[in-house]
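To start, the structure itself, in structure tokens.
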Amino acid sequence: MLMIPIMFLPSALLLRTPTVVRPVFVSAFLQDQRTPGWCGAQNIHLSPSCHSGSKAASLHWTSERVVSVLLLGLLPAAYVNPCSAVDYSLAAALSLHSHWGLGQVVTDYVHGEALQKTAKAGLLALSALTFAGLCYFNYHDVGICKAVAMLWKL
Amino acid sequence: HCFRARVNPQLSIRNAVPLGTTAKEEMERFWNKNTNSNRPVSPHLTIYSWSLPMAMSICHRGTGVALSGGISLFGLSALLLPWNFENYLAFVKSLCLAPGLIYTAKFAFAFPLMYHTWNGIRHLMWDLGKGLKIPQLYQSGVVVLVLTVLSSVGLAAM
């Protein structure tokens, strides 16, 4: 965002007040400033509505934040109202949040088509097993909320 | 043209050509070209001056990975290990560990969780567009660190 001061010089005010400077916001792409009169072609990244995959990335981003907020709310909920519903919600939110988080780590550090595919597949297996394990614990054992309470009473 | 309709009418850039590749394809091309050429990599982490936001960012990732590992370990143990949770707790109780050691262990569990939680809230604030100025980054960073220590101490004492 560029702030370009534009000076208004109404002739009536010239004698009395100093020039009025009013900043005007001018939106510009994050590119180098070009000289006026430049009309070359410039490659830009757009979020094309005509391409099919772009909405998916945006939706994924928003979903990540939604799950984060959900998980944040579940922490005090688990303390004040430990119950089966909170147990299963925690299992789901924890598994999903960590799956997506580790997914970002894989995207950042694992390069190459084949290697990234394998890493993502391994991650999916791990997350699925984790979720299954947490649900099993909730069903057959004391459940996440009770387990933390019991652990803390040690 | 469909892309021109999406562009803000205030931005009147003519002769703008949208790229035909996705970010993923471009990253792929970059890594394919550079890993094959065996070019030396400039020093980066070893020479760049570390800042608080930089350190806190990698700690956020580190605590996240560690916590995920812990959760996965717990989930997999539930599937693979033979006994109930109570049995394992009773076993640990029978070890009669010193209270100081138990407090330290609780602190060690609580600390990464609290750091990731408070810094996570800081991240969500950034996603809302708040607190992105450089001085605010440092201020919010210090607040997160203080809250982390206080809440970890508090939780470990419970």
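So you know, we letter chains A, B, ... as the sequences are listed, proteins then strands, and number each from 1. Just so it is clear, the model here is predicted, and its values are computed rather than measured.
Heavy atoms closer than 4.5 Å to chain B are found in both the backbone and the side chain of V105(A). Proximity to chain B is limited to the side chain of Y79(A), based on heavy atoms less than 4.5 angstrom apart. Heavy-atom distances place no part of L71(A) under 4.5 Å from chain B, backbone and side chain included. Heavy atoms closer than 4.5 Å to chain B are found in the side chain of D108(A), but not in its backbone. The parts of L129(A) that come within reach of chain B are both its backbone and its side chain, each placing non-hydrogen atoms under 4.5 angstrom from that chain. In this structure, the portion of L72(A) lying under 4.5 Å from any heavy atom of chain B is its side chain and not its backbone. Of the atoms belonging to N32(B), not a single heavy atom falls under 4.5 Å from chain A. If you measure heavy-atom distances from I71(B) to chain A, the contacts under 4.5 Å come from both the backbone and the side chain. There is no contact between H60(B) and chain A, counting heavy-atom distances below 4.5 Å. Heavy atoms closer than 4.5 Å to chain A are found in both the backbone and the side chain of L89(B). Using a 4.5 Å cut-off between heavy atoms, I121(B) touches chain A through its side chain atoms alone. Contacts between F109(B) and chain A at a heavy-atom distance below 4.5 Å involve the side chain alone, from C-beta outward. H97(A) touches chain B through its side chain: at least one heavy atom from C-beta onward sits under 4.5 Å away, while N, CA, C and O do not.
By the 6.0 Å contact criterion, OH on Y88(B) is enclosed, its count of non-hydrogen atoms from other residues, nucleotides or ligands being greater than 12. Enclosure of atom CH2 in W50(B) by more than 12 non-hydrogen atoms of other residues, nucleotides or ligands within 6.0 angstrom is indicated. More than 12 heavy atoms of other residues, nucleotides or ligands shown are found within 6.0 angstrom of NZ on K106(B).
In plain terms, the two heavy atoms of L79(B) and G133(A) that are nearest each other are CG-CA, 3.5 Å.
Under the 4.5 Å side-chain heavy-atom criterion for Ile, Leu, Val, Met, Phe, Trp and Tyr, L128(B) and V67(A) are members of distinct hydrophobic clusters. Following chains of ILVMFWY side-chain contacts shorter than 4.5 Å, one can reach M56(B) starting from I134(B), so the two form part of one hydrophobic cluster. The hydrophobic cluster containing L80(B) does not contain L134(A), counting ILVMFWY residues as joined when their side-chain heavy atoms lie under 4.5 angstrom apart, directly or transitively. Residues F91(B) and L151(A) are members of one and the same hydrophobic cluster, defined by side-chain heavy-atom contacts under 4.5 angstrom among Ile, Leu, Val, Met, Phe, Trp and Tyr. At a threshold of 4.5 Å between side-chain heavy atoms, the hydrophobic network of Ile, Leu, Val, Met, Phe, Trp and Tyr places V146(B) and V143(B) in one connected group.
One finds the CD1 atom of I102(B) at 14.0 Å from the NZ atom of K153(A) (value rounded to the nearest 0.5 Å).
Inter-residue side-chain proximity for L126(A) and S72(B) is flagged as met; some heavy-atom pair is nearer than 4.5 Å. Residues L97(B) and L154(A) are not in side-chain contact: their nearest non-hydrogen atoms beyond the backbone lie 4.5 Å or more apart.
Listed by sequence position, G112(A), E113(A), Q116(A) are the residues of residues 112-122 of chain A in contact with chain B, using a 4.5 angstrom heavy-atom cutoff.
The greatest number of non-hydrogen atom pairs below 4.5 Å with chain B, out of F131(A), W61(A), W152(A), is found for W152(A). Contact count versus chain A (heavy atoms, under 4.5 Å) is highest, among E28(B), E86(B), H123(B), for E28(B). By number of non-hydrogen pairs under 4.5 angstrom with chain A, the leading residue of K93(B), R61(B), M158(B) is R61(B).
Ring-plane geometry between F85(B) and F137(A) is classed as perpendicular, the angle between the planes exceeding 60 degrees on a 0 to 90 degree scale with a lower cut at 30.
Pairs engaging residues 149-158 of chain B under the side chain to side chain donor-acceptor pair (under 3.5 Å) rule: W118(B)-S151(B) [sequence neighbours left out].
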